[in-house]
Structure formats: C-alpha cells, structure tokens
S.K.: 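Below you'll find the structure I mean.
Chain letters run A, B, ... following the sequence lines, proteins first and then strands; every chain starts at 1.
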There are 2 protein chains.
Amino acid sequence: MIRFVRHLPLAEPEKQAILDTPREIRRFQRGDTIYRPDEPCGAARILVEGLAAQYRILPNGERQSADLVFPARFCDLGCILFGVSDHFLAALTDVEVVEISTARILDLFARYPQIPVLLLHQETRNRSILFERLLSVGRRPAIRRLAHLLTEFRLRRELAGVAPSRAKRILLPQRWIGDFLGLTTEHVSRTIAKLKAMGLIEQHRNAIVIRDPAGLARLAEFDPGYLHPGAEAPPRAPPARRGREGGSTVAGFGGPGSEGSKVSANES
Amino acid sequence: MIRFVRHLPLAEPEKQAILDTPREIRRFQRGDTIYRPDEPCGAARILVEGLAAQYRILPNGERQSADLVFPARFCDLGCILFGVSDHFLAALTDVEVVEISTARILDLFARYPQIPVLLLHQETRNRSILFERLLSVGRRPAIRRLAHLLTEFRLRRELAGVAPSRAKRILLPQRWIGDFLGLTTEHVSRTIAKLKAMGLIEQHRNAIVIRDPAGLARLAEFDPGYLHPGAEAPPRAPPARRGREGGSTVAGFGGPGSEGSKVSANES
DNA sequence: CGCCTTATTGACGGACCTCAAGCTAAGTGG
DNA sequence: CCACTTAGCTTGAGGTCCGTCAATAAGGCG
C-alpha cells in the first residue's frame, strides 16, 4: 500500500492524506470472486497486488469480460459514485485489495481536488481501452482479435514497469481469453494453434510466450495510441526501482502531468 | 448553451463560471464529420443540439461505433486530458457543438472541483454503457443485440427528458445500427424484418417505431441498471420544462447528488 | 493412482457475411 | 410532368467463420 501510494502522480499532501486514510486489506485466492454486482458495496476497492478481470454475465450464463485490472488501479468507480457495481470481478492470481469506505473517499475528493482529476484520467483511458476491445470483438476476425489482445497485454505490462522479457509471457486461461474476445474456448484453442504455426507465439505449460512481438502487432494492425501511454507510466521521472520488478512493484496511478514515452508497436 | 448550463447538477457559482467562460459555437450538418482522431485538438467539445456517433475504423475501412452522444454531454474527454481524440465523431442530425479551450477547461477544473467530479460520474456511466455494448456484440445473437440497442436508445431518450411517445420512434440509418452492433447492413435489414414479423416494431419511412417496448425489452433480456438512471436525470427536482420537449431541450449533465427515479424495463 | 480442471481435436451445423440485383423514396434538371 | 439519379433499404444464393457437441488428452493435486 505504501509502495503503491508513493508512486502516484500526486503532490506530497495528497499522498500523505491517502496514507492517513483508514483502510482495510482483503486477500483473495486465484479463482475467487472478489465482488458481484448484486452485493451492497460501500467502499472503494483498489487492487494493490495481483491481477483481476471484470466481466458481466448473460441469463444463460455466457460471460463477457471487459478488461483486466492491474495493480494500483481502482477496480470499480461505479461502486463509489453510484453505490453499485456493474460487473463481477474475478481474481486471476492471488490478489490483494485495499478497501476505503465511500464516505472517506468522498471526503478525500472534497479536500484534495487533484484526486478526482486523476481518476478522471484513469477512467477516460479505461473507456478508450474498452472501445478498442469493442472494435476487436465487433469487426476483427478471431486471429487478429487474439493477436491484438496479446499485444495489448504485453504493452500494458511493460508500461506498468514489467521487464519486456517477462511481459512477453502471458498467463491467462483460454476460458478467459475467450471471454475477452467473445469466442468459445474451442475456437481460442484453434486460433492459438494457428499463431503457433505462424511462428508468432509459443506455448509452455499454460503460458503463451510471444516469440515475435512485432509480427504479432503487425498481424493485429496494432496502433498503441489508445493506451495513452503517458497515463500509465509514473509521472515525471519514475522513482528509482527496487530489485524485483514483478507485476506490482511499480505501476503508478496514471494521470495528468505525465509526459510518458512514445510507444511503438514495432520495437524488437 | 444557457439552457444547457442551467440544468446542470451544479451550484450557482459553478454554473455562472461556465457561463462566463469564453466559448465558440460550431454547427454541422447531418453526415458531417465533427472531428477525427488525427486532427490536433485543443478544445473541449460539448454537444448542445442534435445527435452524434463516436466510431473507430479499421485499416480496411470497417467501422465500429461505441456510443451516441446526446445533448449536454462532452464528446471527448480524451481531447482535454490527453490532447488527442481516440475516435471519429459523426453528426447523425444537424448539430451544434460548443468548444471551450483546454486551458480554460483546466482552469475551471482547478477553481471548481465539483466539475471534474461531475465529469467523473459521466465517464463512469459512459464506460458502463460501453461495457454493455461489448456484452451485446460479444455474446448476444443479432436479434437480441438489435432489441437491446433499440430499448437502450428509447430509455436513454426518456431519461434525457424526451416524451415516451416520441422516444419510441428511432431514426437511425441501418448502416449505423450495423456499426453499433458489429453487423452488416444486410443482416440488420433481415433482423429488423424479423422483429417486425414478431410484432415488436414497425417501420415508417426511415424510422423504426417500437410497438411493444416491454416485449422488446424482454427479448433483449434488458436490465436497465447499467444506465445508472440517477445520473442522467436532472438532480433533485427537475426544473419546469418549456413547451416543446424535442430532443435537446432538457438533458442535464448527470452527476452526483441525483437520486433519480427507478427505471423499469416493463413499463407500458 | 484417480479425479478434476484445462486444453486439444474432429465432425457437423448454423449464424452471419459476401456478392449481386432490384426496389423505393426523394430529389434534380429538362 | 417526367426521365434520371442517388441514397438507403430489401431480397436471394452461396460461402465461411465460428459455435456446438463429443471424445480424447494432459497436467495438477490430493
């Protein structure tokens, strides 16, 4: 939590105010449902460790997933602003979530106006990412959808501070890949096989490893603009980083004032 | 513009500040492209009259539309926050757009912290609507997709203050319906024919008229929760309304503090 | 080892796309 | 007033991408 706050693109008083706010840490295991839309919710939830997926379900049980939640991100602003969540959140890994009561969050908003502005940045970027997913599901064939998803996750992990070599390794059950892309697991499996045959990816156990990032991005017709790279990177100069660079040591809240480096889909 | 500001769920000082802000009105005709993502953009754009559609395109020219923009809504927050737009905006009717320079908007943010909070509400709701569209495109068959879209537009127009009888009349070219739903115009045409055969809708000239709103909502498995109805309705008590209640007289910025009435998909 | 979850592979069917005409309504100009 | 055009919609035939159903692996874990 402290690590998480320190990297926010906020001034010291804001950071200190967040650190001074009473909060609760909850832990979940891989596969757990972190929350459901039919539960009462009186707290903001911020993911601090691990990876989670937002999804909705249809009456017949079919699922559609909108996005991953990476560390240092609010899981669900609707919960604070409207008092209800509009989706399920599932833990894809073991997960740590910080809860801050809605009343305290609104109090923070009132006392530190930079905080809602920061969240406005995050949410605008979130919508942009969701728009791109809709474009994939609505108009791209399965193989491009998959190539696009893999490229997007690789880039977002890099932007969050994961080393490029690690970011090429994607651990996501095919059931979830299908739920992101609007495909069945069977078709995901077949499509992965095609990418493998094209030499763009490899599979090791349950992980997909990107072998040719540039080729994959080209197949996906990937244009990274929608990620608004400046908004995920830490603000100005990123703070010095501790030894291990696993998923959640860094991130940054994203936000205003961050120039961010240009991202190209053609590197490597 | 004045009409528009008066209905915002903001206190008087905020409203006055917005009214005092220098701005420019631009008019477009049906079919015009209001802006494109590759243009420089240094101003916030607020739709005050008419109807517009946000969309992205693929290299092969296929289009995917995310959402309609109704009057009294920001067209594109990315433009202010990131300096670039991430989509095209097309005028579906003749349209009036107010432009306020980014610098002045950011100044308003700084002086009146309620304004970014209001936009945060809007954007959270926008994302929720987009999520539901993704669910449609990813997992619902064409006939439900269409039923859902028609129901959503009807309800949103009602929430924006359009009389229920008028809200049942939907004027949207089939090309655009297809772009919202990820379908070809041919298939949209065939699907409309099915709904007509089921007695749920009628067609008059270019308009679709909903004949059985409840039946359509049932077919769509429509759950209105994602619209966060409280956020579109004017705050507390809605101000008295002038004579004509066409598309754009009312609306309201949506936002905090608005309880809003419960919406049911089963009325009428 | 036996069980359970996850992934693979195949045969088949169907929802939706493609391509191609033809239709209607609303202009436009003579 | 009547060709002629144009934009939007409709209709049909045929094909394909992806879903469904079902059987078979292949790990993980007690």
Side-chain angles (χ1 to χ4, degrees), chain A residues 29-33 53 58 60-65 90-94 136-150 170-197 201-209 219, chain B residues 29-32 53 58 60-65 90-93 136-150 170-197 201-209 219:
Chain A
Q29 295 193 331
R30 187 164 70 91
D32 286 353
T33 296
L58 250 24
N60 68 4
E62 286 192 277
R63 307 193 317 184
Q64 178 65 49
S65 193
L92 296 183
T93 65
D94 290 355
S136 263
V137 172
R139 296 300 191 191
R140 285 194 252 251
I143 195 165
R144 275 196 225 278
R145 272 186 235 183
L146 179 56
H148 197 279
L149 187 79
L150 295 175
I170 291 168
L171 247 161
L172 203 56
Q174 292 185 12
R175 159 116 194 262
W176 281 106
I177 295 179
D179 286 341
F180 278 108
L181 300 181
L183 299 171
T184 58
T185 58
E186 293 92 330
H187 203 70
V188 170
S189 176
R190 282 185 257 263
T191 308
I192 288 176
K194 278 192 199 170
L195 288 183
K196 223 174 355 179
I201 62 172
E202 294 170 353
Q203 271 178 305
H204 296 120
R205 314 214 170 265
N206 288 328
I208 291 175
V209 178
L219 172 61
Chain B
Q29 294 193 331
R30 187 165 70 91
D32 286 352
L58 251 24
N60 68 5
E62 286 192 278
R63 307 193 316 186
Q64 178 65 50
S65 193
L92 295 183
T93 64
S136 262
V137 172
R139 296 301 191 190
R140 284 195 252 250
I143 196 166
R144 275 195 225 277
R145 273 185 234 182
L146 180 56
H148 196 279
L149 186 79
L150 295 175
I170 291 168
L171 247 161
L172 204 55
Q174 292 186 12
R175 161 120 194 262
W176 281 106
I177 295 179
D179 286 341
F180 278 108
L181 300 181
L183 299 171
T184 58
T185 59
E186 293 93 328
H187 203 69
V188 170
S189 176
R190 284 184 254 261
T191 308
I192 288 176
K194 278 191 200 169
L195 288 183
K196 221 174 357 178
I201 62 172
E202 292 171 355
Q203 269 179 307
H204 297 121
R205 314 216 170 265
N206 289 326
I208 291 176
V209 178
L219 172 61

S.K.: Nearest whole angstrom, please: distance from the C1' of D:dC9 to the CD1 of B:I201.
M.R.: 13 Å

S.K.: Could you tell me the boundaries of the chain B footprint on DNA chain C, defined by atoms under 4.0 Å from its heavy atoms?
M.R.: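 The contacted stretch runs from C:dC16 to C:dA26.
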
S.K.: B:K196: what forms a side-chain hydrogen bond (donor to acceptor under 3.5 Å, both in side chains) with it, not counting sequence neighbours?
M.R.: B:Q203

S.K.: Can you tell me how far apart CG (A:L92) and CG (A:D32) are? Round to the nearest 0.5 Å.
M.R.: 11.5 Å

S.K.: Let me have the donor-acceptor pairs involving side chains of residues 184-193 of chain B, under 3.5 Å, with sequence neighbours excluded, atom names and distances please.
M.R.:
from: B:T184; atom 1: OG1; to: B:H187; atom 2: N; distance (Å): 3.3
from: B:T191; atom 1: OG1; to: B:H187; atom 2: O; distance (Å): 2.6

S.K.: If an axis is fit to five pairs at each end of the helix from C:dC1-D:dG30 to C:dG30-D:dC1, what is the angle between the two, to the nearest 10°?
M.R.: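 Roughly 30°, once rounded to the nearest ten degrees.
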
S.K.: Please enumerate all residues that pass side-chain hydrogen bond (donor to acceptor under 3.5 Å, both in side chains) together with B:S65, with sequence neighbours excluded.
M.R.: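 Listed in chain order: nothing, the list is empty.
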
S.K.: Would you check if A:L219 and A:L195 make a side-chain contact, meaning some heavy-atom pair closer than 4.5 Å?
M.R.: yes

S.K.: Using residues 174-183 of chain B as the side-chain source, report each donor-acceptor pair under 3.5 Å to any protein atom, sequence neighbours left out, with the distance given to one decimal.
M.R.:
from: B:D179; atom 1: OD1; to: A:R139; atom 2: NH2; distance (Å): 2.9
from: B:D179; atom 1: OD2; to: B:R63; atom 2: NE; distance (Å): 2.8
from: B:D179; atom 1: OD2; to: B:R63; atom 2: NH2; distance (Å): 2.6

S.K.: Taking only nitrogen or oxygen atoms into account, show me every contact under 3.5 Å that the protein makes with nucleotides 23-30 of chain D, one pair per line with its distance.
M.R.:
none

S.K.: Please round to the nearest 0.5 Å and tell me the distance separating atom CG of A:L146 and atom CD1 of A:I201.
M.R.: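 So the gap between those two atoms works out to 6.0 Å.
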
S.K.: Starting at the 5' end of nucleotides 10-18 of chain D, put B wherever the base has a protein heavy atom under 4.0 Å, S where only the sugar-phosphate does, and a dash everywhere else.
M.R.: SBBB----B

S.K.: Between A:D94 (side chain) and A:R30 (backbone), is there a donor-acceptor pair under 3.5 Å?
M.R.: yes

S.K.: Could you pull out all residues at least two apart from A:N206 that satisfy side-chain contact (heavy atoms from CB on, under 4.5 Å)?
M.R.: A:L171

S.K.: Can you name the residues that form a side-chain hydrogen bond (donor to acceptor under 3.5 Å, both in side chains) with A:R140, not counting sequence neighbours?
M.R.: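 Listed in chain order: A:E132, A:S136, A:H148.
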
S.K.: Who passes salt bridge (Lys or Arg N to Asp or Glu O under 4.0 Å) against B:E202, sequence neighbours left out?
M.R.: B:R211

